[in-house]
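Only one structure is covered here, and it is reproduced in the block below.
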Amino acid sequence: MNRTVLKTLPAALALALACGAAYAGDHETEGFHGYVRAGAGSSSEKGPQSCFGLGGITMSYRLGNECDSFTEFGYTKEFAKSANGASFVGTVWVDAYKNSSDFGDAKTSIAKAYVEAKNLPFMNGGIVWAGKRHYYRPDIHMLDLQYINMNGTGAGVDGLPLGAGKFSYAIFKDNDLNNVNTVTGKITSASAVRQNLVYEGLPVNENGTLDGALSIITASSKDDGDKTHNGWQVSLFHRQAKVFGGSNTVGVQYGVGPGTGINGPCCARIGPSGSTLLGSDYTRVRVFDDLVIQPTRQFSMEFVGLYQRDKSDRDGTQTWTTVGARPVYAFAQNFKLQAELGVTRLKKDTSPDTMRLTKLTIAPTITVGEDYWSRPELRLFVSYGKWNDAATKAVNAFNNQGPVYGSNTSGASAGIQLEAWW
């Protein structure tokens with residue numbers, strides 16, 4: 001890859017991350033692509049690196065605060081082409097995860113295995129696909145929160161021109177397994193059919209567009225006395241480009257039952273099927289603003305503000321609020337100094353006290369370029385966490401190295417961290 005391509009790749013990735021893909025699916029360019037994050041460190045309580053978070057429905061600020069390792073990589077290749085120009089492109093990726101610094105023995109699994117049919121003369125630019133894939137999963141990078149994620153195994157049509165925007169439709173089968181009760185012999189399943197409808201790129205103001213996403217989840221479960229339920233979610237995102245050299249995303253989301261994503265695949269996500277045992281009394285509301293600016297070549301910053309409320313008859317209300325910022329200054333093309341400050345609160349009806357956590361990280365960084373999205377980054381970091389008594393149990397439970405902080409209400413960690421994508 002030549003130097004010109006290397007210099008422009010971070011900007012292209014930034015545009016995709018901040019403004020969403022051109023349409024719902026991740027349509028990789030041909031070649032080898034991947035992502036890796038890894039690191040190691042120690043805490044003020046000795047032993048391995050410790051991390052600071054409240055767990056539960058929350059997400060944590062990730063700079064110098066990831067006590068796990070993850071990689072995914074794979075290849076995209078056009079493997080067949082019709083005489084009329086129709087192209088068939090295959091993508092296969094694997095991934096590996098370990099909740100510690102060494103993922104040498106981590107289990108490897110298939111993350112993507114799908115085929116796209118492109119340039120079909122009767123599809124007006126739309127792409128037909130089938131298989132297992134990542135699908136419409138923009139994120140708040142600083143929190144590693146994919147605020148909507150429609151990954152799964154299914155089929156669909158992406159990027160059909162419709163009015164001023166593009167429409168995509170996909171259908172997935174989630175949790176597609178049977179469980180056999182070894183005592184009674186009865187078969188149960190949490191499976192669900194999930195339909196996703198996405199409309200993207202509707203111009204609403206200068207340099208601003210609106211995206212809408214709808215999930216309709218139909219339980220196809222065999223239950224053993226537990227009633228299963230259908231659910232849905234609807235999300236609206238306003239994406240504003242050219243904001244101080246960056247972009248801003250404002251999102252409003254609402255989910256019901258399995259449409260909340262609760263007890264689903266991972267990490268406070270809306271979009272995949274949550275548990276089909278959740279009735280319509282389970283609701284999730286989320287409002288957020290994610291701003292990334294690059295006003296000068298040397299200075300950049302991400303800012304996030306988020307409010308989320310989960311509510312149900314059984315568990316009452318849980319409210320997660322957070323505000324954070326990551327300013328970055330590039331002293332040279334290959335050296336940055338980063339800082340990240342985040343304040344998180346979690347209030348549960350089941351507890352009289354509100355949990356509070358503040359986390360601060362300083363990270364000198366070796367990098368490929370000055371841009372906020374330039375990767376790879378090789379970081380040294382020092383992180384400090386401060387929390388109230390109400391949060392002590394949650395902070396200890398969040399730490400995958402055990403309750404190392406005991407009854408303390410502060411702690412620190414230091415180490416190295418790598419993040420790269422290509």
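- Taking the centre of each ring, Phe172 and Tyr135 come in below the 6.0 Å mark.
- Between the side chains of Gln49 and Ser413, no donor-acceptor pair of N or O atoms lies under 3.5 Å.
- In terms of heavy atoms, Tyr199 sits closest to Leu202 at CE2-CB, 3.8 Å.
- Heavy-atom minimum distance, Ser101 versus Ala40: CB-CB, 3.9 Å.
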Test log, rule side-chain hydrogen bond (donor to acceptor under 3.5 Å, both in side chains), inputs Tyr61 and Thr322 | CA-CA 10 Å; Tyr61 290 89; Thr322 190; 2.6 Å; yes

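- Listed for the Ser69 side chain is a donor-acceptor partner under 3.5 Å among the backbone atoms of Ser100.
- Under a 3.5 Å cut-off, the side chain of Asp289 and the backbone N or O of Gly305 do not form any donor-acceptor pair.
- Judged as a disulfide (SG to SG under 2.5 Å), the pairs with a partner in residues 44-81 (not counting sequence neighbours) are, in order, Cys51-Cys67.
- Closest non-hydrogen pair, Ser50 versus Asn399, comes out as CB-ND2, 2.9 Å.
- Checked by atom type and distance alone, the side chain of Arg356 never pairs as donor or acceptor with a backbone atom of Lys386 at under 3.5 Å.
- The CD atom of Gln240 sits 7.5 Å away from the CG atom of Asn248 when rounded to the nearest 0.5 Å.
- Taking CD of Glu30 as the start and OG1 of Thr76 as the end, the distance is 8.0 Å to the nearest 0.5 Å.
- In this structure, OG on Ser351 lies 5.0 Å from CG on Asp353, to the nearest 0.5 angstrom.
- Here the side chains of Lys336 and Arg379 are not in contact, with every heavy-atom distance at 4.5 Å or above.
- Lys77 places none of its side-chain heavy atoms less than 4.5 Å from the side chain of Val89.
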Hey, mind stepping through Arg326 and Thr361 against side chain to side chain contact (heavy atoms under 4.5 Å, CB included) and telling me if it holds?
-> CA-CA 9 Å; Arg326 185 193 292 187; Thr361 297; over 6 Å; no

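- In this model, no donor atom of one side chain and acceptor atom of the other lie less than 3.5 Å apart for Thr296 and Gln294.
- For Ser44 (side chain) and Ala412 (main-chain N/O), a donor-acceptor pair under 3.5 Å exists by modelled atom type.
- Checked by atom type and distance alone, the side chain of Asn334 pairs as donor or acceptor with a backbone atom of Thr367 at under 3.5 Å.
- Ring to ring, Tyr35 and Trp93 are not that close: their centroids are 6.0 angstrom or more apart.
- Across Gly271 and Ile148, no two heavy atoms sit closer than the pair CA-CG1, 4.2 Å.
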How far apart are the C-alpha atoms of Leu418 and Val36, what are their side-chain angles, what is the distance that settles it, and do they pass the side chain to side chain contact (heavy atoms under 4.5 Å, CB included) test?
-> CA-CA 8 Å; Leu418 155 70; Val36 62; 4.1 Å; yes

So Ile57 and Arg284, side chain to side chain contact (heavy atoms under 4.5 Å, CB included) or not? Walk me through it.
-> CA-CA 10 Å; Ile57 69 171; Arg284 170 170 285 175; 4.2 Å; yes

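- Ion pair Glu370/Arg297 flagged as a salt bridge, since at least one NZ, NE, NH1 or NH2 atom sits closer than 4.0 Å to an Asp/Glu carboxylate oxygen.
- The two residues Tyr384 and Ser410 have their closest heavy-atom pair at OH-CB, 3.5 Å.
- Between the side chains of Ser273 and Asp174, a donor-acceptor pair is found at a separation under 3.5 Å.
- With Trp320 as the partner, the side-chain contact (heavy atoms from CB on, under 4.5 Å) test is satisfied by one option alone out of Leu54, Thr344, Asp310: Thr344.
- Side-chain contact, Gln338 with Thr365: a donor N or O sits under 3.5 Å from an acceptor N or O.
- Within the 4.5 Å cutoff, the side chain of Asp144 has heavy atoms near those of the Arg37 side chain.
- Here the CZ atom belonging to Arg286 is positioned 12.5 Å from the OH atom belonging to Tyr307, to the nearest 0.5 angstrom.
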Could you go through the side chain to side chain contact (heavy atoms under 4.5 Å, CB included) check for Phe103 and Asp105 one step at a time?
-> CA-CA 5 Å; Phe103 59 167; Asp105 62 348; 5.8 Å; no

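- Shown here for Asn230 and Ala219, the closest heavy-atom pair between the two residues is OD1-N, 2.8 Å.
- Proximity of Glu45 to Asn408: side-chain heavy atoms (C-beta onward) are separated by under 4.5 Å at one or more points.
- Taking 4.5 Å as the limit, every side-chain heavy atom of Leu278 sits out of range of all side-chain heavy atoms of Thr276.
- In this structure, the ring of Tyr405 has its center less than 6.0 angstrom from the ring center of Trp387.
- A donor-acceptor contact closer than 3.5 angstrom links the side chains of Tyr169 and Gln195.
- Taking the centre of each ring, Tyr329 and Phe331 come in below the 6.0 Å mark.
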Carefully, step by step, assess Asn196 and Ser215 under the rule side-chain hydrogen bond (donor to acceptor under 3.5 Å, both in side chains).
-> CA-CA 5 Å; Asn196 292 134; Ser215 299; 2.7 Å; yes

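- Of the inter-residue distances, the one linking Arg345 atom CZ with Asn388 atom CG reads 9.0 Å to the nearest 0.5 angstrom.
- For the salt bridge (charged side-chain N to carboxylate O under 4.0 Å, His left out) criterion with Arg62, the lone passing option out of Glu302, Glu340, Glu419 is Glu419.
- With Thr283 contributing its side chain and Val256 its backbone, the two residues share no donor-acceptor pair below 3.5 Å.
- Ring-centre distance between Trp421 and His33: not below the 6.0 Å cut-off.
- Salt bridge annotation for Asp68-Lys98: absent, with no cationic side-chain nitrogen under 4.0 angstrom from a carboxylate oxygen.
- Counting heavy atoms from C-beta on, the side chains of Gln253 and Val234 never come closer than 4.5 Å.
- Residue Leu291 holds its CG atom at 9.0 Å from OG1 of Thr249, rounded to the nearest 0.5 Å.
- A heavy-atom distance below 4.5 Å is found between the side chains of Asp158 and Trp129.
- Tyr147 has its ring centre less than 6.0 Å from the ring centre of Phe288.
- By the 4.0 Å N-to-carboxylate-O rule, Lys311 lies too far from Asp349 to be salt-bridged with it.
- The shortest distance between side-chain heavy atoms of Arg239 and Asp211 falls below 4.5 Å.
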